[in-house]
Amino acid sequence: MMDRIRKLLAPWSQPLRRLRRPSLFGMRSVKPLSTEWGFDRGTPVDRYYIEQFLETHAADVRGRALEVKSAAYTHRFDRGVTQFDILDVDAHNPDATIVADLAVGDGIPRGQFDCFILTQTLHIIYDYRAAIAQSHSLLKPGGVLLVTVPLVSRIIPRYGLECDYWRFTALACARMFGEVFGAENVGVCTYGNVLAGIAFLRGAVLEELPRRKLDVHDPYFPIVVGVRATKAPSSPPAR
């Protein structure tokens, strides 16, 4: 009987959890509502902005595409993908078609990809400059790199304190990617505001926040930075 009740209540578990711990109250607490950015309660706030960025540039998701860890966004924003690969440094990932370290590049085909989706990854790579250079190298001339990085985020819990190195501003991204791709081939945008930042850090979720509040853009309080970088049609190899 209890198993049947649990199954009936399962679709309501996250909404009920949110009602028990409303996200916009209890600001005196030193503990977050979620230790997993809100995945256990609904949709994390940063996903709203990451997916806005990818939707804006969905036309670039075409040809031979590469994504880190899974092909979820490649499939979701597909606008003519003919082949896709999944890159992971972890050989235990059953979905990985290329097992390699992006900062090293060994085992990653060079000059083969029309699109590389690299979301929320660069900050956990210590040698991020090498990773940017390798991202340039793996693209075909005219290929596009779509990157998001966090500017506001908790330390990644599943790695402990051992593998979360950086936070990047829009200015840093413009310079970092411009040095490799050429400033004229790089576009940078930011997403978020102070409310979104507070909500995200506390573990509040998209389902609890009005879209009109999330859509307010404050360049002084961004939580996500998006970068679109294009490899020049006749581009020399990255150093």
Side-chain angles (χ1 to χ4, degrees), residues 50 53-54 57 60-75 81-151 153 155-170 172-183 185-188 224-239:
I50 293 164
F53 171 75
L54 292 174
H57 300 293
D60 296 320
V61 185
R62 55 181 176 75
R64 188 176 181 185
L66 179 67
E67 189 172 347
V68 171
K69 201 167 280 295
S70 82
Y73 284 143
T74 299
H75 294 318
V81 172
T82 56
Q83 181 181 346
F84 70 88
D85 284 283
I86 297 168
L87 172 66
D88 201 336
V89 71
D90 183 4
H92 294 100
N93 180 353
D95 297 322
T97 59
I98 301 172
V99 177
D101 183 341
L102 182 59
V104 178
D106 290 350
I108 306 176
R110 292 173 177 259
Q112 297 298 308
F113 295 94
D114 297 287
C115 179
F116 181 21
I117 298 174
L118 183 64
T119 56
Q120 309 301 89
T121 301
L122 202 61
H123 63 298
I124 61 173
I125 300 175
Y126 182 73
D127 193 351
Y128 62 86
R129 291 185 182 275
I132 295 171
Q134 293 298 335
S135 297
H136 178 273
S137 179
L138 64 83
L139 290 171
K140 295 178 183 178
V144 176
L145 173 64
L146 298 175
V147 179
T148 65
V149 293
L151 182 50
S153 181
I155 299 295
I156 299 176
R158 67 178 175 274
Y159 299 143
L161 299 174
E162 304 301 320
C163 196
D164 194 335
Y165 297 104
W166 310 108
R167 298 293 180 267
F168 301 102
T169 65
C173 287
R175 294 191 62 173
M176 285 162 20
F177 287 91
E179 288 169 0
V180 176
F181 286 80
N185 298 316
V186 174
V188 178
V224 170
V225 181
V227 181
R228 179 185 186 271
T230 305
K231 187 170 183 176
S234 56
S235 180
R239 292 184 297 225

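His123 and Pro150 make their closest contact through ND1-CD, 3.5 Å (heavy atoms, listed as atom of the first residue, atom of the second, distance). Nearest heavy atom pair, residue Ser70 against residue Ile86, reads N-CG2, 3.6 Å. Counting all heavy atoms, side chain and backbone alike, Pro141 lies closest to Pro233 at CB-O, 2.9 Å. Across every non-hydrogen atom of Asp106 and Ala100, the tightest pair is O-CB, 3.2 Å. Across all their heavy atoms, Gln134 and Gly105 have their closest contact at OE1-CA, 3.5 Å.
With sequence neighbours left out, Ser153 forms a side chain to side chain donor-acceptor pair (under 3.5 Å) with Trp37. With sequence neighbours excluded, the residues forming a ring-ring contact (aromatic ring centres under 6.0 Å, His included) with Phe84 are His75, listed by chain and number. Partners of Asp60 according to the side-chain contact (heavy atoms from CB on, under 4.5 Å) rule, which considers only residues two or more places apart in sequence or in another chain, are His57, Val144, Leu146, Arg228. Under the rule for a side chain to side chain donor-acceptor pair (under 3.5 Å), Thr119 has no partner lying at least two apart in sequence or in another chain. Here Tyr126 pairs with Tyr165, Trp166 under the ring-ring contact (aromatic ring centres under 6.0 Å, His included) rule; sequence neighbours left out. Every residue meeting the side-chain contact (heavy atoms from CB on, under 4.5 Å) condition with Pro109, not counting sequence neighbours, appears here in chain and number order: Arg64, Ile98, Gln112, Phe113. Leu161 is linked by a side-chain contact (heavy atoms from CB on, under 4.5 Å) to Ile155, counting only residues two or more places apart in sequence or in another chain. Listed by chain and number, the residues in a salt bridge (charged side-chain N to carboxylate O under 4.0 Å, His left out) with Arg167 are Asp164 (sequence neighbours excluded). Evaluation of the side-chain contact (heavy atoms from CB on, under 4.5 Å) rule for Ala103 yields Asp101, Ile125, Asp127, Ala130 as partners, not counting sequence neighbours.
Screening residues 89-99 for side chain to side chain donor-acceptor pair (under 3.5 Å), with sequence neighbours left out, gives Asp85-Thr97, Asp88-Asn93, Asp90-His92. Residue pairs meeting the salt bridge (charged side-chain N to carboxylate O under 4.0 Å, His left out) criterion with at least one member in residues 128-140, sequence neighbours excluded: Asp114-Lys140, Arg129-Glu179.
With a 4.5 Å cut-off on side-chain heavy atoms, Val225 and Thr169 do not count as touching. At a threshold of 4.5 Å between non-hydrogen side-chain atoms, the residues Phe181 and Leu139 count as touching. You'll find the side chain of Leu145 stays beyond 4.5 Å of the side chain of Val227, heavy atoms only. Between Val68 and Phe116, the closest side-chain pair of non-hydrogen atoms falls below 4.5 Å.
One finds the CZ atom of Arg62 at 13.0 Å from the OG1 atom of Thr74 (value rounded to the nearest 0.5 Å). From Glu67, atom CD reaches atom OG1 of Thr121 across 9.0 Å, with rounding to the nearest 0.5 Å. With rounding to the nearest 0.5 Å, the separation of CG in Leu118 from CD1 in Ile132 is 9.0 Å. To the nearest 0.5 Å, atom CG of residue Leu138 and atom CG of residue Leu66 are 6.0 Å apart. Considering CD1 of Ile50 and CD1 of Ile117, their distance stands at 12.0 Å, rounded to 0.5 Å. Considering CE of Met176 and OH of Tyr128, their distance stands at 6.0 Å, rounded to 0.5 Å.
Side-chain N or O atoms of Ser135 include one that pairs as donor or acceptor with a backbone N or O of Ala131 at under 3.5 Å.
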